Amino acid sequence: MQPDLRWQKCGEFADIVYEKAEGIARVTINRPHRRNAFTPDTVAELLKAFGDARDDATIGVVLLRGANPQHDGKFAFCAGGDQKIRGDKKGGYMGKDGVPRLNVLDLQRLIRSMPKVVIALVAGFAIGGGHVLHVICDLTIAADNAIFGQVGPKMGSFDGGFGSSYLARMVGQKKAREIWFLCRQYNAQEALAMGLVNKIFPADQLAASTYAYVRDLVDNVSPRSMAVIKRQQYDAPFQTLAENTRQANVEMARSFASDDFREGVAHFMEKRTPQFKGV
Ligand code: 1HA
């Protein structure tokens with residue numbers, strides 16, 4: 001397959017670009033001015049695109065990536081939740097309609113449960129909720145400039161569902177705790193060594209190299225077999241994680257009322273070190 005596939009744009013979206021070509025769907029988060037951070041509106045669009053790809057019998061593989069390169073030449077897959085629209089009251093992340101939503105957890109569940117192979121293409125930063133998104137995907141292909149990490153606790157936030165438990169099953173308990181507690185950043189080679197990514201390609205060859213990799217999946221793999229493998233081998237043991245995710249959702253809604261949550265966004269906006277009080 002050539003990288004110059006004739007991508008057909010599907011639908012009109014503000015924050016994402018959704019395209020299809022030759023059995024592949026491609027979803028691009030298109031908010032480069034915020035390192036492709038997502039709002040509830042972005043996530044609503046992602047849910048729509050992923051829902052369409054799930055239901056389209058011609059689609060076998062879905063690629064998720066961030067728009068690149070950015071205004072300053074840097075790259076980002078996704079920097080997580082948009083800190084600039086985190087409400088200052090009890091609501092957490094607020095969409096344009098003023099209603100707070102945690103719909104990224106719905107997106108996580110959709111990606112895990114859909115009977116299609118979902119591949120994260122990570123160039124640059126996969127940080128916070130953006131890191132969780134690539135963890136949730138079935139495969140991750142990284143550019144050699146990729147940077148991975150969680151930041152939640154530094155922002156008075158967390159992901160107590162798939163983002164914690166699934167990650168721990170992927171990289172092991174000690175490493176997962178280090179990732180969440182210390183909030184360090186890891187390069188592509190470190191991510192490969194801990195089992196976070198499947199392949200690394202040079203950034204300027206990411207698209208072309210990925211297409212060859214994906215072509216094999218689209219042309220030579222039975223979609224039916226793949227769907228059953230995804231459900232039984234990988235997801236069946238994770239039913240409890242889905243329940244954990246639901247509980248984490250409740251905890252998160254509670255924590256929106258905390259001082260720490262407000263301080264998490266305040267220090268980021270004011271570019272200073274945080275002063276958390278644990279309340
Ligand atoms: O906590 C949750 C959730 C909780 C409950 C349920 C669901 C959740 C879902 C998600 C999340 C989270 O994701 S929490 C964590 C949210 N993410 C962050 O706090 C990351 C913040 N960003 C950074 O640490 C850095 O920007 C970076 C390591 C990704 C890149 O650094 P760099 O290259 O130095 O760029 P920087 O200058 O910081 O950023 C470029 C522009 O993008 C800045 O805008 P500017 O000041 O030029 O106008 C910056 O503010 C903006 N930006 C970057 N990340 C975000 C962002 N704006 C809003 N939200 C962001 N996440």
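Every number for a ligand or one of its atoms is a count from 1 in the order of the listing. Positions are given from 1, in the same order as the sequence printed here. Remember, it's a predicted structure, so these values are computed and weren't measured experimentally.
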Among all protein heavy atoms, pick the one closest to [atom] and tell me residue, atom and distance.
atom                    : result
atom 26 (O) of ligand 1 : R35 CG, 4.5 Å
atom 41 (C) of ligand 1 : H33 O, 3.6 Å
atom 56 (C) of ligand 1 : R34 O, 3.9 Å
atom 6 (C) of ligand 1  : L102 CD2, 3.0 Å
atom 45 (P) of ligand 1 : K84 NZ, 3.7 Å
atom 15 (C) of ligand 1 : V151 CG2, 3.5 Å
atom 5 (C) of ligand 1  : M252 CG, 3.2 Å
atom 16 (C) of ligand 1 : Q83 NE2, 3.0 Å

Passing candidate, side-chain contact (heavy atoms from CB on, under 4.5 Å) with T39, options V104, N103, D82: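 Answer to the side-chain contact (heavy atoms from CB on, under 4.5 Å) test with T39 among V104, N103, D82: D82.
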Test side-chain contact (heavy atoms from CB on, under 4.5 Å), reference L107, set L46, I136, L64, output is L46
| Yes or no on side-chain hydrogen bond (donor to acceptor under 3.5 Å, both in side chains) for Q189 and D144, after CA distance, side-chain angles and deciding distance? | CA-CA 8 Å; Q189 285 300 339; D144 52 8; over 6 Å; no
Review point. Above 12 or not: heavy atoms from other molecules or residues under 6.0 Å from CZ of R272?
Key: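 Enclosed.
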request  = Would you indicate whether Q275, at its atom CD, is surrounded by more than 12 heavy atoms from other residues, nucleotides or ligands within a distance under 6.0 Å?
outcome  =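 Not more than 12 within 6.0 Å, no.
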Answer side chain, backbone, both or neither: which part of [X] comes under 4.0 Å from ligand 1, heavy atoms only.
X    : value
A79  : both
K271 : side chain
D82  : both

Geometry only, no angles: is [X] polar-contacting ligand 1 at N/O separations under 3.5 Å?
X    : answer
S157 : yes
G130 : no
G129 : yes
G80  : no

Closest heavy-atom approach to atom 31 (O) of ligand 1 among F268, F125, F38, F75 is made by F125
Given G156, A126, G81, which one has a non-hydrogen atom that is nearest to atom 10 (C) of ligand 1?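 The residue whose heavy atom sits nearest atom 10 (C) of ligand 1 is G81.
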Please tell me if [atom] is touched by the protein, where touching means a protein heavy-atom distance below 4.0 Å.
atom                    : answer
atom 19 (O) of ligand 1 : yes
atom 33 (O) of ligand 1 : yes
atom 24 (O) of ligand 1 : no

For [X] against [Y], the heavy-atom pair lying closest together:
X    : Y    : result
G130 : F77  : O-CE2, 3.4 Å
A188 : V197 : O-CG2, 4.3 Å
W180 : F158 : CZ3-CA, 3.9 Å

Close-contact set for ligand 1 against [X] heavy atoms, below 4.0 Å:
X    : value
M155 : 19 (O)
K74  : 32 (P), 33 (O), 34 (O)
Q185 : 28 (C)
A37  : 59 (N), 60 (C), 61 (N)

- Could you go through the side-chain hydrogen bond (donor to acceptor under 3.5 Å, both in side chains) check for E12 and Y18 one step at a time? CA-CA 8 Å; E12 283 302 320; Y18 180 44; over 6 Å; no
- Applying salt bridge (Lys or Arg N to Asp or Glu O under 4.0 Å), run through K116 and D56 and close with a yes or a no. CA-CA 10 Å; K116 308 284 168 86; D56 185 339; over 6 Å; no
Side-chain donor or acceptor of Q185 paired with backbone N/O of G149 under 3.5 Å:
no
Problem - Residue among F148, F162, F125 satisfying ring pair (Phe, Tyr, Trp, His ring centres under 6.0 Å) with H134 - result: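 Among F148, F162, F125, the one that satisfies the ring pair (Phe, Tyr, Trp, His ring centres under 6.0 Å) with H134 is F148.
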Are the side chains of I200 and I141 in contact, using a 4.5 Å heavy-atom criterion? no
Go through it in stages, so that I can follow the logic: the residues are Q173 and R177, the test is side-chain hydrogen bond (donor to acceptor under 3.5 Å, both in side chains), and I'd like the CA-CA distance, side-chain angles, deciding distance and then a yes or no. CA-CA 6 Å; Q173 289 286 344; R177 283 162 207 236; 2.8 Å; yes
